[in-house]
Structure formats: structure tokens, C-alpha cells
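Okay, so here's the structure we're looking at.
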Amino acid sequence: GDVSIAVDHTQVLPEIKLGGAYHINANFGLVLAWAHVFGFDRKIAVTIDPNNPLGSININLKNPSMNIATVGLEYRFA
């Protein structure tokens with residue numbers, strides 16, 4: 001038989017972010033941003049004696065890649 005474990009855990013991941021603001025007038029602005037987080041898979045495979053009912057163990061500690069878009073309004077107090 002096989003045993004598989006996949007776990008997401010807190011981790012520091014590399015990220016790039018691009019964004020900007022468009023000022024509608026002196027007080028209001030529109031803010032747009034996009035970010036990509038680079039996730040990766042770490043895999044551990046252990047093979048146990050095939051005569052044992054537990055034939056192999058596969059552990060996959062993964063954090064997915066993410067794309068994040070942000071839209072917002074900005075107000076400046078005079």
C-alpha cells in the first residue's frame with residue numbers, strides 16, 4: 001500500500017510586485033497592483049520493504065504559486 005501526505009505550511013516565498021497609482025484629482029487616486037508569489041514543491045519519497053503492507057511513503061510539503069491583483073482607492077487629506 002501507499003501512504004501520501006500533502007501539507008501546506010507557513011513559509012517565506014520569493015515574490016515580485018508591480019503597481020501604480022493614477023491621481024484623478026488632488027485628493028483621489030486609483031491604485032492598481034499585481035503580485036506573483038513563487039511557490040514550490042518539496043517531495044520526500046521513502047520506499048519500505050515490498051513484503052511489508054506499507055510499501056512506500058510519499059510526503060509532499062507544498063506551497064502553491066499565487067497571482068494576486070489589488071485594486072483600491074486612495075484619498076489624500078489636505
Side-chain angles (χ1 to χ4, degrees):
D2 292 336
V3 174
S4 292
I5 301 171
V7 178
D8 290 332
H9 56 90
T10 303
Q11 183 174 341
V12 176
L13 299 171
E15 172 186 332
I16 59 170
K17 185 173 185 178
L18 300 172
Y22 173 74
H23 296 284
I24 299 167
N25 60 33
N27 294 74
F28 284 100
L30 178 64
V31 180
L32 301 172
W34 166 81
H36 178 76
V37 178
F38 297 92
F40 60 92
D41 293 345
R42 287 187 283 171
K43 298 178 180 178
I44 301 169
V46 177
T47 301
I48 301 174
D49 182 3
N51 295 326
N52 188 334
L54 187 60
S56 65
I57 297 175
N58 179 5
I59 300 173
N60 183 355
L61 303 173
K62 61 181 182 172
N63 283 307
S65 294
M66 293 183 287
N67 287 299
I68 304 162
T70 306
V71 178
L73 290 175
E74 176 183 80
Y75 180 77
R76 294 182 183 188
F77 294 95

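Nothing here was measured: the structure is a model prediction, and the numbers come from that model.
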Shortest non-hydrogen pair, Arg76 vs Ala26, comes out as CD-O, 4.0 Å
In terms of heavy-atom contacts, Ser65 and Gly39 come closest through OG-N, 3.1 Å
*asked:* Check for me, please, whether Leu18 and Val31 land in the same ILVMFWY cluster - side-chain distances under 4.5 Å, paths through other members count.
replied: no
Query raised in the report: Between Trp34 and His36, how do the two ring planes meet: parallel, tilted or perpendicular, split at 30° and 60°?
Result: parallel
Exercise. Mind checking whether His23 and Glu74 have side chains closer than 4.5 Å, heavy atoms only?
Worked result: yes
In terms of hydrophobic clusters joined by side-chain contacts under 4.5 Å, are Phe28 and Leu32 together?
-> no
Taken to the nearest 0.5 Å, the spacing of Asn27 CG from Tyr75 OH works out to 4.5 Å
